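Taking it in order: structure first as C-alpha cells, then the write-up.
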Amino acid sequence: MKRGFRAAAAAAFSAVAAVAVRDLLQRDHALLRNFPVIGHGRYAIEAIGPELRQYVVAGNNEERPFTRDQRRWVYASAKKENNYFGFGTDNDLEYTAGYPIIKHRTFGRAVPPSTPAAGYEAAVPCAKVLGAARGRARAFRPESVVNISGMSFGSLSGAAVEALNRGAALAGCLQNTGEGGLSPHHRHGGELVFQIGTAYFGCRDDRGRFDLHRLKDLVAGAPVRALEIKLSQGAKPGLGGLLPAAKVSAEIAATRGITPGVDCVSPSRHAEFSDTDSLLDWVEMLAAETGLPVGIKSAVGDMGFWDELTTRMAGTGRGVDFVTIDGGEGGTGAAPLIFTDTVSLPFQVGFARVYRMFAERNLHEGVVFAGAGKLGLPDNAVVAFALGCDIVNVAREAMLAIGCIQAQKCHTDACPTGVATQNRWLSRGLDPTLKSVRAANYVKTLRRDLLKVAEACGVEHPGLIDTASVEILDGRTAATALDQVYDYRPGWGLPSAADRAAIAALMSAGEPQGGTAPPSPSAVGRSATR
Ligand SMILES: Cc1cc2nc3c(=O)[nH]c(=O)nc-3n(C[C@H](O)[C@H](O)[C@H](O)COP(=O)(O)O)c2cc1C
Ligand code: SF4
C-alpha cells in the first residue's frame with residue numbers, strides 16, 4: 001500500500017517537474033516562464049471563464065447578446081413551459097436610458113383574452129400583401145409576422161437547418177435560406193425565402209457567375225415564395241466571407257455549386273450590379289423572370305444609398321417589394337470584432353432612418369418592411385412594429401430555441417450543441433424532429449405575445465401598433481414619445497388605410513378567445529339609456 005502511494009507520488013512529482021522544465025524552456029508565454037506550473041491556472045480559469053460567468057457570476061440582465069432572463073424566456077417558450085416571471089421586473093427601468101415603455105389603452109377596439117394559452121394557435125399574418133404593390137405574379141400575404149432569418153447551411157449544421165425548416169412548416173412561417181444556397185436540409189416542408197448573396201451560391205455557373213437558368217430551376221423545384229438580395233448584414237457589413245476548406249464537405253459543395261475541400265470565398269460586393277440603377281434593373285429582371293416578390297437585405301451605414309434608391313424608385317416606378325433591415329447588434333457565424341461591435345447602426349436607429357426616406361417619398365405603404373437584430377424578444381419586436389416593421393426575422397433566438405446555449409463558439413466548428421458546426425459527432429446530438437417542435441413553439445409564443453400586446457394597446461394586430469403607443473424613457477423623470485425620438489410624421493409606421501382595414505377584418509374573423517363574462521343586467525340597462 002505504502003509502496004503504491006510512493007510510486008504514485010513519484011509519478012506525480014515527475015509530471016509536475018516535466019511541466020516546470022517545459023515551461024521554463026518555452027518562449028511563447030512569458031507568464032509560464034516566470035511562473036512555471038502555477039501559471040497554467042490562469043489559462044484554465046480563462047478557458048472556463050465564460051461558463052463561470054454565465055452560470056455562476058452574471059446577473060439575470062447582464063450578459064450579452066442575450067441575458068439569462070431573455071434566454072430563459074426563449075427556452076421556456078420553446079418547450080411550451082411556464083414562461084412567466086414572478087415578483088415583478090428585475091430590469092432597472094427607472095435608471096436605464098432608452099428603455100421602451102408600451103402604453104396600454106383602457107378602452108380599446110381589441111381586448112386581450114385572459115387565459116395564458118389563448119392566441120397560441122392564432123394566425124397572425126403580415127398586414128401587407130408582399131409584391132402586391134408592384135403587381136408581381138406570385139404576390140402573397142406571408143402567413144406569419146415572425147419568420148426565420150437567413151442562416152446558411154455551412155454556418156449552421158444540416159440538422160439545425162432541418163430543425164428550423166420543419167419548425168417553419170409547423171409554425172406556418174417562412175425560413176430564409178441564408179446565402180449558402182438551398183440544401184436538402186431546407187426541403188422538409190417549410191416555405192422559403194431564397195437569399196442571393198454575393199457568391200450566388202446555388203445559382204451560379206462553374207466560374208462563379210450568376211446563372212438565371214439555375215435560379216429558375218431552383219425556385220421551380222422548391223417552395224420558394226420570395227427572393228432576397230443580400231447587400232450586407234449587421235454583424236459584418238461590407239465584408240465578404242470565407243468558409244474554410246475543412247468545412248467544405250461534399251454536401252455543402254453540391255449545395256453551393258463549388259469544389260469540395262477548397263476554401264470557399266464570398267466576395268464583398270455583387271458582380272451583377274454596381275449602383276442603385278443597375279440594382280433596380282436586376283430586381284425587376286428577377287421579378288419578371290420568376291414572378292416572385294424580390295427584396296433586399298441590408299445593414300444601415302451611409303444614407304446616400306437609401307436616398308438614391310428611394311429617389312429612383314419614386315422617379316422610375318422600378319422598385320423592391322421588401323426591405324429587410326439588419327441591426328448592427330445582429331449575429332453571424334464568424335466576423336472580426338470591430339465589425340460585430342462597431343460597424344453599422346443598431347436596428348432602431350438604422351431602421352427609422354431608412355423608413356423615413358421611404359415615407360418622405362410616399363413609398364412606405366407599397367413596401368413590406370422586415371427587421372432583424374434581437375427582434376425575437378417581444379419588447380424589441382413591439383418597438384419595431386411601431387416604427388413600421390411588417391415582419392420580424394429571428395436568427396439567434398431561433399438557434400436558442402433549438403438548443404444553442406450561447407457558448408459563442410460558432411466560429412470554431414466546436415459548437416457543443418450541434419447547431420453551428422459541420423462536425424458530424426457534434427451535430428448528431430441535435431435531433432431535428434424534436435427540435436423542430438421547439439422552434440415552432442417559440443415562433444408561436446412570440447406571435448401570441450405580440451398579439452396580446454397589440455390587444456392591450458387596443459388594436460387587433462401588431463402591425464397596427466402606432467408610434468403613439470410607445471415611449472422611450474430618458475431616466476427616472478422623463479420619457480419621449482417614439483415619433484419624437486425618431487422624427488416621424490403622423491401616420492408613419494402604419495400600413496395604408498386599406499391594408500389596416502383588411503388586416504383588422506382578418507383578425508376579427510376568428511373565434512374570440514377568453515375575454516370577460518357577459519355584462520350584468522344593470523350595465524346593459526345603463527348602456528341602453530345612454
Ligand atoms: C449563425 C448565423 C448565420 C447567419 N447567416 C446569415 C446569412 O447567410 N445571410 C444573412 O443575411 N444573414 C445571416 N445571419 C444574420 C441573421 O440572419 C440576422 O440578420 C441577425 O443575426 C440578426 O438577427 P438576430 O438578432 O435574431 O440573430 C446569420 C446569423 C447567424 C447567427
Ligand atoms: S451553442 Fe455556442 S457555438 Fe453553438 S450555436 Fe450557440 S453560441 Fe454558437
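Quantities reported herein were computed from a predicted structural model and do not represent experimental measurements. Ligands are counted one by one from 1 in listed order, and the atoms in each one are counted from 1 as well.
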**OP:** Kindly tell me which protein residues have any non-hydrogen atom under 4.0 angstrom away from an atom of ligand 2, grouped by chain and ordered by number?
**Re:**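 Heavy-atom contacts below 4.0 Å: M399, C404, I405, Q406, A407, Q408, K409, C410, C415, T417, V419, A420.
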Record the part of [X] in heavy-atom contact with ligand 1 below 4.0 Å; permitted values are side chain, backbone, both and neither.
X    : value
E329 : neither
R396 : both
S155 : side chain
T332 : backbone

If hydrogens are left out, which of [options] has an atom nearest to [atom], that is, the closest non-hydrogen atom?
atom                    : options                : result
atom 15 (C) of ligand 1 : Q233, K236, M399, E228 : Q233
atom 13 (C) of ligand 1 : G150, S149, G373, A235 : G150
atom 21 (O) of ligand 1 : G331, A335, A398       : G331

Original post:
Can the positive tip of R396 be found less than 6.0 Å from the middle of the six-membered ring of F66, inside 45° of the ring normal?
Top reply: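 No, R396 does not lie over the aromatic ring of F66.
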Original post:
Any side-chain donor-acceptor pair under 3.5 Å between S298 and S232?
Top reply: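 Yes.
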Original post:
Taking only residues two or more places apart in sequence, or in another chain, which ones meet Q422 in a side-chain hydrogen bond (donor to acceptor under 3.5 Å, both in side chains)?
Top reply: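 If we apply the side-chain hydrogen bond (donor to acceptor under 3.5 Å, both in side chains) test to Q422, skipping adjacent residues, there are no hits.
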Subject >> Those residues that, when tested against Q408, pass side-chain hydrogen bond (donor to acceptor under 3.5 Å, both in side chains) (two or more places apart) >> reply: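 If we apply the side-chain hydrogen bond (donor to acceptor under 3.5 Å, both in side chains) test to Q408, skipping adjacent residues, there are no hits.
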Subject >> Aromatic centroids of F210 and W282 separated by under 6.0 Å >> reply: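 Judged by ring-centre distance (under 6.0 Å), W282 and F210 do meet the cut-off.
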**OP:** Indicate, with yes or no, if the rings of F358 and F369 have centres closer together than 6.0 Å.
**Re:**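 Yes: the rings meet the under 6.0 Å criterion.
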Original post:
H270 vs F273 aromatic rings, parallel, tilted or perpendicular, using cut-offs 30° and 60°?
Top reply: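 H270 and F273: parallel rings.
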Original post:
What pairs of residues pass the salt bridge (charged side-chain N to carboxylate O under 4.0 Å, His left out) test when at least one of them lies in residues 268-278, not counting sequence neighbours?
Top reply: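 Applying salt bridge (charged side-chain N to carboxylate O under 4.0 Å, His left out) to every pair that reaches into residues 268-278, excluding sequence neighbours, yields D277-R312, D277-R318.
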Original post:
Within the side chain of Y442, is there an N or O that forms a donor-acceptor pair under 3.5 Å with the backbone of E397?
Top reply: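 A pair under 3.5 Å: no.
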